[in-house]
Every structure is written in structure tokens, then in C-alpha cells.
There are 2 protein chains.
Amino acid sequence: MIRVLLAEDQGMMRGALALLLGMEPDIEVVAQVGRGDEIVDAALLARPDVALLDIELPGRSGLDAAADLRTEAPDCRVLILTTFGRPGYLRRAMEAGAAGFLVKDGPVEELAEAVRRALRGETVIDPALAAAALSAGPNPLTGRERDALAASVDGATIADIAASLHLSESTVRNYLSSAIGKTGTRNRMEAVRAARRQGWL
Amino acid sequence: MIRVLLAEDQGMMRGALALLLGMEPDIEVVAQVGRGDEIVDAALLARPDVALLDIELPGRSGLDAAADLRTEAPDCRVLILTTFGRPGYLRRAMEAGAAGFLVKDGPVEELAEAVRRALRGETVIDPALAAAALSAGPNPLTGRERDALAASVDGATIADIAASLHLSESTVRNYLSSAIGKTGTRNRMEAVRAARRQGWL
DNA sequence: ACCTGGCCGTGACAAATGTCCCGGGTGCGG
DNA sequence: CCGCACCCGGGACATTTGTCACGGCCAGGT
């Protein structure tokens, strides 16, 4: 029996996937969590063979948790399952040592098969997505540029961002201007969207 | 057998829900679509008893489709199934004649039971959500204010919005300023987020 | 030792944005 | 008929935002 941990925030999705995987004769869902900061604890307790992680979770990113599992539970293979096939997400997933990357589009049949292939040591990635990730190149934003962009979601003003990062307003403006230039956009909002689409957030 | 139509854009979610509902002895999924503009056609063809619709779909909103089903297929009960329990969504769903409103959190067990209750003529709504929708009051934005806000997502400039709405830049600024005032926010971005959270978009 | 690149800041400037006036037109209900 | 709300626009103004040029600090590699 393949022991699977499931991390997904939407209750209905989580329950549905658990039932689906449980119907497979060789698969057993041994843990379910709805928050990113519960993943490592649950994995240490349930000792799964495969961890199926969403990226955008409350509390902690699934990507961060994946990196931790690499050291805390080295014999657990990690599959990333996410809504958005963003190049930067795929790149970060691979760097975090994930064994595969699935998008929530695509048929359900993929899922159980991906779990089996991950356990066999194969790497499972959508080829088109891999090409996009490669052609997009790495994240050109520096750490602070990323911070400033991330802090500017949901309409924060320059003063807000400066306060939350403990920086001068001038500095924040410089970082944002630089980020706008690197993303080839015209203002903060476009830069945020562009960076998100690439998975650079 | 209860005949169900399923409209949901995420392939994995759609497939999982279809399999789940299909396992119920008294439920049969007779149609699945991934786009909003295919709902009415599919319903006329498959004659479902219950239509389970996501709101945010490519091509057409599930709420718009629900309103059409009211006249095109009057004996088909509509259940809205959505990620976000936004008060405005619930309000619009009720106005479109929906028989129920489910959020994708919450356990899977709710789902089949909601389908049965809808068919029995009951209205199925989360009480807490209903209270929030009532206390929030109706949408205070005028049509044009909504248009201007909606056109200002993803970082369009005033000039872009004016062009896309065939208006003067002054007019657009006035609408946006008014929308910012009504939402109690400080700028476009915050106004957009506030309006979205309320389901006013 | 030198150069590079990230980090942090300043000052000045143009452009975009938000606010507050004002005007006119329309349609709807009292 | 009148008031009212929505629609559309203009002008003036303060504020915010984005850009550019310039400094300094520090760590890294050559």
C-alpha cells in the first residue's frame, strides 16, 4: 500500500481527492491537512510514502514545506498539486526537491498514476509546462524588489510598504521602479500581476 | 435517479466531484462542462434535474447562466458551488433564482445531501453566510462605477479605462473617486479588493 | 586591489492619480 | 412640475507615484 499525505485548503477538494485516492486498491490516504504549517508535523507522525501538496495554503507555502520534508523526512517523495502552472512555481518546486508537479486542470486519472510514478522514482511534469519554465529564465528580481512588490498587493501605499519593511519611502520607490522596469510594465499593479503570473511573487 | 449537470472549470475538481456524485446510488451525472457559455446548451440537451454551477468560469459567469436556466429550463433546480462565500455572490445567486449556495470549503458529505434537498424544493444556504449577506446590505455602486472599477483591475491606467469604456478621462476619475469613497478605501487597488470581497465586482 | 552587484538612502522632477468644485442632460416617481 | 439619482464632462488643485541621477556601505569574485 502506498501511504499518501494530502495537503489542500479547500475542504471539498481535499475530501474529494482523498476519497478518489482511497478507491485505488494500492493507495491509502494516511493524513489530511488544510494548512501549510501542519504538513511537517503530520508527515513525521504518519510517515507517508508520498506527500501531495498544494502551494497556496494558509499558514505556510507548500513549497517551503516541501523543502523541509527533504531533510526531515528524506524518504518521502513530494508531489506539488496546484491551480496555476506558473513557470516560477515549477522552478521553485524542483529546487525544493519535488518529485513532480501537477496542475489541477487535467483529468483526475493523472493523479493516482502520478503518485505511483513518483514512488517508482520517476519525475512527473507536464512537458509543455517544463518548456515554459525553461524559456522564461530565472527570477530577475532581487530579494528586496520581491519584498516591495509582495507588500504592495492589496493596495498598500508607498508609506505603508516603507513602514512594513522598515525602509525609507524613497528606497521603496526605487525598488518598485526597478521591479517595474524588469517586468516591462507600466505601474505597480501591472508589475505585481506580471510577477505573479511568472510565479516570482 | 437524480440527473445532475456539473459546471466547473478545474478539470481535477470537476472529475472528482463527478465521480463522487456518481457513487451515490440515487444520483447520476448526465453532463459536465468546463465553460460558462456551454451551460445552457448542455442543460437543454441533457435535461438535468439539478445544475451544480461554479461562479467564476471562463466564457460566462455561472450566475448569468443560472438566470437563463430559470427561463430556458424552468424545472431545473440550480445550486451554486463556489470558492468564495462573498455576500454579493449569495445575493445575486438568490436573485437569479438559485435553490442553494455552497462553498467549496466544508465537507464533501454536504454535497450529495444538498442536491437531494434542492430537488425536494428546499433552499440550502449556510446560515452564517446568509447573515453576512443580509448585514452587508445591497451593492451601493452604480453601474458605471462598477464598470470603471472592473476595468481597472490588472493595472490599467485612467487612459486605458477611458478608452475601453468610451468615456472621457475626467469622467473615469470621477467614477473611480466616487467608488473609492463608497468603499471607504484610499485608492483604486483597495477599492477593487473591497468590492471583490463583497462580491460587487 | 579592484570591480560588480545588491542594499539603502537623498533630492529633484514629470506624470499619474484622487478630490473637489462646477456645469448639463436624462428619466423616474411624488 | 419638482426633486432626485444617475449619467457625462470640464477645470483646478494637492497628493501620490514613477523616473533619474547621485551618493555610501558591504560582500563577493578576479
Side-chain angles (χ1 to χ4, degrees), chain A residues 88 91-92 95 136-201, chain B residues 88 91-92 95 136-201:
Chain A
R91 178 179 298 266
R92 284 199 270 163
E95 286 167 1
N139 187 341
L141 301 176
T142 71
R144 285 316 228 174
E145 286 162 359
R146 242 195 335 264
D147 294 342
L149 261 196
S152 78
V153 297
D154 55 53
T157 81
I158 299 267
D160 294 338
I161 305 170
S164 82
L165 295 181
H166 306 291
L167 289 178
S168 143
E169 303 197 7
S170 306
T171 309
V172 171
R173 288 186 345 180
N174 286 336
Y175 284 142
L176 286 179
S177 179
S178 160
I180 291 169
K182 286 182 180 175
T183 51
T185 51
R186 295 174 301 169
N187 52 46
R188 276 221 287 276
M189 245 170 138
E190 283 193 356
V192 167
R193 287 186 66 83
R196 271 225 266 243
R197 186 152 26 83
Q198 296 289 330
W200 292 341
L201 185 158
Chain B
R91 179 179 296 266
R92 283 199 272 163
E95 286 167 2
N139 186 343
L141 300 176
T142 72
R144 286 316 228 174
E145 287 162 358
R146 243 195 334 266
D147 294 342
L149 261 195
S152 77
V153 297
D154 55 55
T157 78
I158 300 266
D160 294 339
I161 305 171
S164 82
L165 294 182
H166 306 290
L167 289 178
S168 143
E169 303 195 9
S170 306
T171 309
V172 172
R173 274 136 68 106
N174 286 336
Y175 284 143
L176 286 180
S177 181
S178 162
I180 290 170
K182 286 182 181 176
T183 51
T185 52
R186 295 175 300 170
N187 52 45
R188 275 222 287 277
M189 242 170 142
E190 282 193 357
V192 167
R193 287 186 67 83
R196 272 224 268 243
R197 187 151 28 82
Q198 295 290 332
W200 293 341
L201 182 159

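In what follows, chains carry the letters A, B, and so on, assigned in the order in which the sequence lines appear, proteins first and then strands, with residues in each chain numbered from 1.
At whole-Å resolution of the value, CG in A:N139 and P in C:dG6 are 12 Å apart. When rounded to the nearest whole Å, the span between CG of B:L149 and P of C:dG18 equals 10 Å. If you measure from atom CG of B:L141 to atom P of D:dA5, you get 16 Å, rounded to the nearest angstrom.
Checking the phosphate oxygens (OP1, OP2) of D:dC7, a side-chain nitrogen or oxygen of B:T142 falls inside 4.0 Å. Phosphate proximity of D:dC6 to B:R144: absent, as no side-chain N or O sits under 4.0 Å from OP1 or OP2.
Across the helix from C:dA1-D:dT30 to C:dG30-D:dC1, the helix axis at one end is tilted relative to the axis at the other end by 30° (nearest 10 degrees, each axis from five pairs).
Counting non-hydrogen atoms of other residues, nucleotides and ligands closer than 6.0 Å to CZ of A:R196 gives a total of 12 or fewer.
Residue pairs meeting the salt bridge (charged side-chain N to carboxylate O under 4.0 Å, His left out) criterion with at least one partner in residues 162-189 of chain A, sequence neighbours excluded, are A:E145-A:K182, A:R186-A:E190, A:R186-B:D160.
With rounding to the nearest 0.5 angstrom, the CG atom of A:L149 is 10.5 Å from the CH2 atom of A:W200. If you take CD on B:Q198 and OG1 on B:T183, they are separated by 10.0 Å, rounding to the nearest 0.5 Å. Between B:L165 atom CG and B:S152 atom OG the span is 10.0 Å, to the nearest 0.5 Å. The CG atom of B:D154 sits 7.5 Å away from atom CE of A:M189, with the distance rounded to the nearest 0.5 Å. Atoms NE2 and CD1, from B:H166 and B:I161 in turn, are 14.0 Å apart once rounded to the nearest 0.5 Å.
Side-chain N or O atoms of A:S178 include none that pairs as donor or acceptor with a backbone N or O of A:N174 at under 3.5 Å. For the pair B:N139 (side chain) and B:G88 (backbone), a donor-acceptor distance under 3.5 Å is absent.
Heavy-atom distances under 4.0 Å link DNA chain C to no residue of residues 182-201 of chain A. Only B:L167, B:S168, B:S170, B:T171, B:R173, B:N174, B:Y175, listed by number, bring a heavy atom of residues 152-178 of chain B to less than 4.0 angstrom from any atom of DNA chain D.
Across all their heavy atoms, A:I180 and A:A191 have their closest contact at CG1-CB, 4.0 Å. When all heavy atoms are compared, the tightest approach of A:A151 to A:A156 is O-CB, 3.5 Å.
For B:R144, the salt bridge (charged side-chain N to carboxylate O under 4.0 Å, His left out) partners two or more places apart in sequence, or in a different chain, are B:D147.
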Between the protein and nucleotides 23-26 of chain D, which nitrogen or oxygen pairs come in under 3.5 angstrom?
none

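No side-chain heavy atom of A:T185 sits under 4.5 Å from any side-chain heavy atom of A:V192.
Within 4.0 Å of A:G143, counting heavy atoms only, lie sugar-phosphate atoms of the nucleic acid but no base atom.
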